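One structure is given below, encoded as structure tokens.
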Amino acid sequence: MEDIKKRKLDNNERTSPHSEQDLRALLDPLAKSQLVDLLAKLGSQYPSIAEEIKGIATADPVHRKLFVRGLAWNTSSDTLCAAFSEYGEIEEGAVIYDKASGKSRGYGFITYKYMESTHRALRAPSKLIDGRMAVCNLACEGLTGSSYTQDHTQRKLYIGGLSPNVTSEMLLHFLGRHGGIEEGSVAYDKDTNESRGFGFVTFKTVEAARKAIDDPQKILGGRNVIVKLADSHKGRTIQTQLATPMVPMPLPLAPGYAQPGKAHPSTTPQGFGYPPAVGPYHNNTYSSPPIAPYPTQSQIPYPYYIGKQ
């Protein structure tokens, strides 16, 4: 009988509903990864929980807004939205323009209606738009997104000596044989939209960037191009020399002089009297040294001319 009563009590405790406060006390010590796994499991089993999770995650636009950089100067807002519409419905999208000149600043923003669309777009952050490889990341991360890692300076290359007819697509195709490219393009003039003769390419790995630098075949568009780290091209490797600090060194002085930082026991240095004694002056008559005899020279007669009167 006692065993039956214990089983009934255990069953009642298991089936009795817990209050929200009790559940919070149970969930509070759990780690974030444990909570994510728990909610994902519940959401996959119960559609109502999945919809609630989706609504909470989508409510904040911070998790749905992308920052897109590396755009061409002629890329419009419509072109930008069309390039990202394949991942889902876009709530808002625009290229940012300079207020004074009215020209593109080379970046823009995309805000999706649902968070799932944002995640799909982030799976392929690099996208070719109008001949330039643009890159996207969450706007809340700014330039410190996933692509800006500590080895970014070792993956970004400067390409110089480009022919005027080399396009961004040609440049990306030429260097793409060494590995995956994260972003890159030819630098164009904002006013004339003509090539400036150089460009930048960022590889996904450091190994691919090194292969591109070490590749002896660097002929593109009929010219030998320069491939090196973009950081070294800007001269950032030059270190400024700091002046060596001067350390005061105490110099030993002869006895009788006050040492620096120490008070002399007396006002008069030892071994010296003030005023110093002067020896007597003897007023003796000194004879002039004898003058050596020099032979007198005879006068040389010069002809005397008398002018005409």
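For clarity, every value in this text was computed on a predicted model and none was experimentally measured.
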Donor-acceptor pairs under 3.5 angstrom involving side-chain atoms of residues 114-126: please list them, not counting sequence neighbours.
unit_1, atom_1, unit_2, atom_2, d
S117, OG, Y87, O, 3.3
S117, OG, R120, NH2, 3.3
T118, OG1, R64, O, 3.3
R120, NE, Y87, O, 3.0
R120, NH2, Y87, O, 2.8
S126, OG, E182, O, 2.4

Result block: side-chain N/O donor-acceptor pairs under 3.5 angstrom for residues 48-59, not counting sequence neighbours:
unit_1, atom_1, unit_2, atom_2, d
T58, OG1, K54, O, 2.7

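Residues passing the side chain to side chain donor-acceptor pair (under 3.5 Å) test with N165, sequence neighbours excluded: S163. With sequence neighbours excluded, the residues that form a side chain to side chain donor-acceptor pair (under 3.5 Å) with K103 are D191. Residues that satisfy the salt bridge (Lys or Arg N to Asp or Glu O under 4.0 Å) test with E86, not counting sequence neighbours, are K127. Scanning for salt bridge (Lys or Arg N to Asp or Glu O under 4.0 Å) contacts around E194 gives an empty result, with sequence neighbours left out. Looking at residues two or more places apart in sequence or on another chain, you find a salt bridge (Lys or Arg N to Asp or Glu O under 4.0 Å) between D215 and R177. Taking the side chain to side chain contact (heavy atoms under 4.5 Å, CB included) definition, one finds that S168 meets it with R132, S185, V186, Y188, sequence neighbours left out. The ring-ring contact (aromatic ring centres under 6.0 Å, His included) test applied to F109 returns F67, not counting sequence neighbours. Residues passing the salt bridge (Lys or Arg N to Asp or Glu O under 4.0 Å) test with K41, sequence neighbours excluded: none.
Through ILVMFWY side-chain contacts below 4.5 Å, V206 is grouped with nothing and stands alone.
With Q34 contributing its side chain and A31 its backbone, the two residues share a donor-acceptor pair below 3.5 Å. Checking side-chain atoms of D60 against main-chain N and O of H63 turns up no donor-acceptor pair under 3.5 Å. Formation of a donor-acceptor pair under 3.5 Å by the S44 side chain with backbone atoms of A40 is found in this model.
Looking at I213 and R210, their side chains never come closer than 4.5 Å, going by heavy atoms from C-beta outward. Using a 4.5 Å heavy-atom threshold, the side chains of T79 and D130 count as touching. For the pair T153/L229, no side-chain contact is recorded, criterion being any heavy-atom separation below 4.5 Å from C-beta on. A 4.5 Å side-chain heavy-atom check between I159 and I226 finds every atom pair outside the cut-off. The closest side-chain heavy-atom distance from V68 to Y107 is not below 4.5 Å. Counting heavy atoms from C-beta outward, L128 and E169 have side chains that approach closer than 4.5 Å. In this structure, the side chains of L26 and D22 stay at 4.5 Å or more apart for every pair of heavy atoms. A heavy-atom distance below 4.5 Å is not found between the side chains of I110 and K65.
More than 12 non-hydrogen atoms from other residues, nucleotides or ligands lie less than 6.0 angstrom from OH of Y97. The local environment of CD in E20 is sparse, with at most 12 non-hydrogen atoms from other residues, nucleotides or ligands closer than 6.0 Å. Heavy-atom contacts from other residues, nucleotides or ligands closer than 6.0 Å to NZ of K113 number 12 or fewer.
Y46 and V36 are not part of a single hydrophobic cluster, where members link through side-chain heavy atoms under 4.5 Å apart. Transitive grouping of hydrophobic side chains (ILVMFWY, heavy atoms separated by less than 4.5 Å) keeps L23 and L30 in distinct clusters.
Nearest heavy-atom pair, S104 versus V95, reported as atom, atom and distance to 0.1 Å: OG-CG1, 3.5 Å. Of all heavy-atom pairs between F198 and L162, the closest is C-CD1, 3.7 Å. Of all heavy-atom pairs spanning G179 and A208, the tightest one is CA-CB, 3.9 Å. L80 approaches T75 most closely through the heavy-atom pair N-CG2, 4.4 Å. Across C136 and F84, no two heavy atoms sit closer than the pair SG-CE2, 3.9 Å.
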Item to complete: Check the pair N137, L66 against side chain to side chain contact (heavy atoms under 4.5 Å, CB included), reporting the backbone distance first and the verdict last.
Response: CA-CA 6 Å; N137 57 270; L66 295 179; over 6 Å; no
Fill in: K218 and V227: CA distance, side-chain angles, deciding distance, side chain to side chain contact (heavy atoms under 4.5 Å, CB included) verdict
CA-CA 8 Å; K218 296 185 178 68; V227 180; 3.8 Å; yes
Worksheet entry | Derivation and outcome, side chain to side chain contact (heavy atoms under 4.5 Å, CB included), residues V135 and T202 | CA-CA 11 Å; V135 181; T202 303; over 6 Å; no
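Atom CZ of R155 sits about 8.5 Å away from atom CD of E183, to the nearest 0.5 Å. Separation of atoms CG (D189) and CZ (R196) is listed at 6.5 Å; rounding is to 0.5 Å. Once rounded to the nearest 0.5 Å, the distance linking CD1 of I90 with OG of S85 reads 5.5 Å. Rounding to the nearest 0.5 Å gives a distance of 7.5 Å between CG of L157 and CG of L175. Taking CD of E91 as the reference point, atom OH of Y112 lies at 12.5 Å (rounded to 0.5 Å). To the nearest 0.5 Å, the span separating CE on M133 from CG on L172 amounts to 5.0 Å.
Applying the ring-ring contact (aromatic ring centres under 6.0 Å, His included) definition to pairs two or more places apart or across chains, none involves residues 166-186.
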